[in-house]
Amino acid sequence: MKVLTSKFTTKYDTAPFSKIENKDYLPAFKEGIEMAKAEIDAIVQNTDAPTFENTIEALDYSGDTLDRISNIFFNLNSAETNDEIQKIAQDVSPLLSEFGNDIRLNADLFAKVKAVYDQKEKLNLNPEQTTLLDKKYKSFSRNGANLPEDKKKQLREIDKELSTLSLKFGENVLAETNNYQLHLTDEKDLKGLPEGTIEAARSLAKSKELEGWFFTLDFPSYIPFVTYADNRELRKEIAIAAGKKGFQNNEFDNQKNVLRIAQLRFDRAQLLGYATHAHFVLEERMAESPEKVKEFSKNLLEKAKPAALKEFAELTAFAKKLDGIEQLEKWDGAYYSEKLKQELFNLDDEKLKPYFQLEKVLDGAFTVAQKLYGISFEESFEIDKYHDEVTTYEVKDIDDNLVAVFYADFFPRKGKRNGAWMTSYKSQYIKDGKNERPHISIVCNFTKPTETKPSLLTFNEVTTLFHEFGHALHGILANSTYPSLSGTSVYWDFVELPSQIMENWCYESEALALFAYHYQTDEMIPMELVQKIKESSNFQEGIATMRQLSFGMLDMGWHAQDPSNITDIKTFETEQFADTKLYPDVKENAMSTSFSHIFQGGYSSGYYSYKWAEVLDADAFEYFQEKGIFNKEVADNFKDNILSKGGTEHPMILYKRFRGHEPSPDALLKRAGLI
């Protein structure tokens with residue numbers, strides 16, 4: 001049964017996960033590629049003169065089956081993988097890379113696209129069509145269509161190798177995460193740890209039929225351990241283990257992969273006539289150039305560094321006063337920050353967690369969306385899912401029309417990578433008069449419920465959930481004609497605006513009143529705690545900003561220069577971090593070897609965009625604050641000009657249409673307490 005290449009017969013055309021077997025993927029990919037090739041051939045062989053409809057539009061709607069197979073497969077490779085799926089990914093990635101190049105380097109197809117592009121002034125296109133034409137033309141010109149044959153061949157080889165290397169990089173990071181375990185059998189080693197963390201560690205040990213407590217590098221286990229464990233030696237052990245993923249000269253070592261990926265990206269950019277990979281990437285970003293990104297980062301660093309140094313000195317003095325610590329190390333940072341925060345604000349994550357039961361927080365996010373955008377989420381038991389822990393929802397508008405299908409997957413497990421992300425199984429688009437609605441998913445790693453407690457979130461996890469939900473809304477409310485411009489298909493330094501702006505509601509009493517209720521007593525979170533959350537939101541903001549900037553600078557270091565002189569990753573990182581360094585170096589650790597955002601995800605030359613988008617989100621949220629955080633007029637404006645528009649126009653045009661002016665960094669600096 002060709003389950004993946006036939007039309008799905010499921011509700012809302014959702015992925016039929018339970019019917020798919022691993023052995024179905026490779027044949028389906030091969031067939032999907034053949035189907036897509038046939039659609040491309042039809043465009044090329046059409047004897048009519050090339051038009052926007054028969055060339056550009058036809059190209060954007062082509063490959064639909066292949067896209068759906070890819071979405072299903074690669075999403076599972078992140079959220080529910082195993083050795084077999086990883087092996088298939090290694091086989092499939094070069095095929096897809098080769099197919100992508102077959103299209104981009106197809107001279108006859110490019111000739112047709114160029115013929116339409118050359119007459120664009122006369123075509124009377126609307127803004128979305130103009131954007132699509134520009135994007136399609138650039139997808140050829142920026143990927144070698146104008147190169148001579150020998151260089152096209154080189155480009156194909158580079159792309160093939162890159163697709164395999166980034167997969168290998170991710171597999172190594174996952175293997176290193178899964179390979180480390182801290183097994184404790186002495187109760188005194190648990191001193192300082194919250195009861196919920198201890199209970200989770202106990203059930204993990206039980207699941208492995210072991211006595212004692214089990215801690216891992218998965219965030220819900222790792223973060224509480226380095227934040228609360230009084231045993232400094234054990235904090236050191238687990239922190240070093242987390243920091244040396246991919247940097248242990250073992251079979252999962254990523255050093256060569258990192259050097260090779262950086263080199264290949266540079267070679268590729270040079271081949272296409274760009275100075276560096278960053279120049280190539282940033283041409284299609286709001287930031288436009290590495291120089292602008294460096295300038296932006298430098299300006300923020302100037303504001304943040306004095307604050308960071310002052311905060312670090314306070315933290316050092318505090319640790320010395322408390323425990324006689326002479327030199328703060330990296331495994332001390334979270335621990336003493338938490339203690340200092342408790343002393344200054346009497347605000348302890350453990351005091352807050354009972355008010356943030358996962359189900360209630362999720363309902364809160366749904367209610368915020370309903371109040372702002374008039375949509376409702378209803379759990380569905382008729383939609384197939386890839387794991388028992390996944391929950392599925394039908395998203396409807398006020399007239400009960402389907403807006404989207406939504407999947408939520410919240411707990412860590414062996415086959416799931418760390419972190420949190422939003423993704424999609426099906427894009428929104430309009431074809432033949434039918435508005436195809438999207439299938440959107442968020443994947444997180446929160447603490448699992450235990451025998452005695454539901455899943456209770458730290459405040460940081462609450463903001464993470466709202467962040468990913470903001471991305472989800474960008475996908476859910478998409479309303480464009482073409483799939484490649486829909487939802488989150490926007491400039492990379494614009495994509496974090498919808499996610500980061502959502503985090504702001506977590507600090508507002510009017511929003512917290514919707515979901516922050518004690519899981520046992522059902523009493524609402526006390527207002528003085530809400531006040532403390534607000535007051536403490538700027539706690540160590542200088543340090544946090546500097547840390548974020550350091551990651552962006554490392555990214556630029558790898559990608560905004562010729563990397564061929566970099567031979568030793570550790571030495572290179574030490575140079576990159578010189579301006580932002582607070583803690584002594586840990587010789588066993590390197591960041592690049594597990595920096596999945598830039599070596600496996602799509603953030604190469606784009607890590608700065610988190611800070612860039614913070615400028616946008618602070619400026620945009622100021623507008624909500626002026627008019628009321630649930631003001632319908634501002635919400636409609638944001639939905640109509642930002643969320644539903646996807647990548648149909650240049651983000652600055654969309655932003656100015658929403659806000660009336662360009663974003664000012666002052667709103668961010670003010671919010672962060674840096675001015």
Side-chain angles (χ1 to χ4, degrees), residues 3-4 7-20 64 67-68 71-72 75-76 79-80 357-411 420-431 433-444 446 455 465-480 483 486-488 498-499 502 505 514-515 635-636 638-640 643-644 646:
V3 65
L4 282 160
K7 183 158 173 44
F8 299 160
T9 53
T10 47
K11 189 169 191 182
Y12 305 130
D13 189 30
T14 47
F17 294 111
S18 61
K19 306 247 183 348
I20 305 168
D64 181 47
D67 285 345
R68 294 220 55 193
N71 288 344
I72 291 168
N75 282 331
L76 292 190
E80 185 54 20
Q357 184 180 337
L358 171 60
E359 293 77 6
K360 287 180 181 166
V361 177
L362 185 61
D363 277 347
F366 291 165
T367 309
V368 169
Q370 192 247 319
K371 281 169 141 335
L372 291 168
Y373 308 120
I375 53 175
S376 59
F377 290 74
E378 196 177 315
E379 188 172 351
S380 169
F381 299 94
E382 298 170 51
I383 292 170
D384 208 344
K385 43 202 197 182
Y386 56 87
H387 193 282
D388 291 345
E389 288 172 353
V390 177
T391 323
T392 55
Y393 299 86
E394 295 174 23
V395 188
K396 303 274 184 78
D397 66 14
I398 44 174
D399 301 318
D400 211 34
N401 300 311
L402 184 81
V403 177
V405 171
F406 179 61
Y407 300 82
D409 178 1
F410 288 126
F411 306 118
W421 62 94
M422 165 267 180
T423 184
S424 110
Y425 285 95
K426 178 186 177 204
S427 297
Q428 174 276 331
Y429 57 91
I430 299 168
K431 190 181 180 190
K434 185 178 181 222
N435 195 328
E436 294 282 349
R437 297 314 300 166
H439 302 170
I440 303 297
S441 169
I442 61 173
V443 189
C444 305
F446 297 144
S455 174
L465 193 151
F466 268 71
H467 178 102
E468 297 310 330
F469 187 64
H471 280 309
L473 289 172
H474 202 184
I476 286 166
L477 295 168
N479 201 22
S480 52
S486 177
T488 55
S499 54
M502 277 307 284
W505 273 266
L514 301 172
F515 62 87
D636 285 346
F638 193 70
K639 178 173 124 178
D640 296 343
L643 296 177
S644 68

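Nothing here was measured: the structure is a model prediction, and the numbers come from that model.
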Next item on the list: Drop me the distance from H474's NE2 to I440's CD1, to the nearest 0.5 angstrom.
Entry: 10.5 Å

Next item on the list: Measure across F469 and A365 and return the closest heavy-atom pair with its distance rounded to 0.1 Å.
Entry: CE2-O, 3.2 Å

Margin query: Whether the side chain of T10 engages the backbone of A15 through a donor-acceptor N/O pair (distance < 3.5 Å, no angle test) should be reported.
Written below: no

Output a table of donor-acceptor pairs, distance under 3.5 Å, between side-chain atoms of residues 368-379 and any protein atom two or more places apart or on a different chain; print 'none' if there are none.
none

Next item on the list: Keeping the roles fixed (side chain from S486, backbone from S480), state whether a donor-acceptor pair exists under 3.5 Å.
Entry: no

Check: Yes or no on side-chain hydrogen bond (donor to acceptor under 3.5 Å, both in side chains) for N75 and Y386, after CA distance, side-chain angles and deciding distance?
Finding: CA-CA 10 Å; N75 282 331; Y386 56 87; over 6 Å; no

Next item on the list: Mind checking the CD-CG spacing from Q357 to D363? Nearest 0.5 Å is all I need.
Entry: 9.5 Å

Note to self: Could you tell me if the side chain of Y425 sits less than 4.5 Å from the side chain of T14, heavy atoms only?
What the structure shows: no

Notebook entry, point to check: For the atom pair CG (L362) and OG1 (T367), what is the distance rounded to the nearest 0.5 Å?
Noted result: 9.5 Å

Checklist line | S455 vs F411, side-chain contact (heavy atoms from CB on, under 4.5 Å): CA-CA, chis, key distance, verdict | finding: CA-CA 9 Å; S455 174; F411 306 118; 3.7 Å; yes

Margin query: Between Y429 and D64, does the side-chain contact (heavy atoms from CB on, under 4.5 Å) criterion hold? Intermediate values first, please.
Written below: CA-CA 11 Å; Y429 57 91; D64 181 47; 3.8 Å; yes

Note to self: Would you compute the distance between atom OG1 of T391 and atom NZ of K385 and round it to the nearest 0.5 angstrom?
What the structure shows: 6.0 Å

Next item on the list: Determine yes or no for a side-chain-to-main-chain donor-acceptor pair under 3.5 angstrom, with N479 supplying the side chain and S644 the backbone.
Entry: no

Next item on the list: Apply side-chain contact (heavy atoms from CB on, under 4.5 Å) to the pair Y12 and K426, showing each step before the final yes or no.
Entry: CA-CA 11 Å; Y12 305 130; K426 178 186 177 204; over 6 Å; no

Can you give the donor-acceptor pairs under 3.5 Å from side chains of residues 397-408 to other protein atoms, not counting sequence neighbours?
from : atom 1 : to   : atom 2 : distance (Å)
D397 : OD1    : D399 : N      : 2.9
D397 : OD1    : D400 : N      : 3.1
D397 : OD1    : N401 : N      : 2.8
D397 : OD2    : N401 : ND2    : 3.1

Next item on the list: Could you grab the distance from atom OG of S424 to atom CD1 of I442, nearest 0.5 Å is fine?
Entry: 13.5 Å

Check: Checking salt bridge (Lys or Arg N to Asp or Glu O under 4.0 Å) against D13, which of K434, R437, R68 comes through?
Finding: R68

Check: Quick one: CE on M502 to CZ on F466, what's the gap to the nearest 0.5 Å?
Finding: 5.5 Å

Notebook entry, point to check: Taking all atoms of both residues into account, what is the closest heavy-atom pair of C444 and E468, and its distance?
Noted result: SG-CG, 4.3 Å

Checklist line | Any donor-acceptor N/O pair, E389 side chain to D409 backbone, under 3.5 Å | finding: no

Next item on the list: List the atom of P498, the atom of L643, and the distance in Å for their closest heavy-atom pair.
Entry: CB-CD2, 3.6 Å

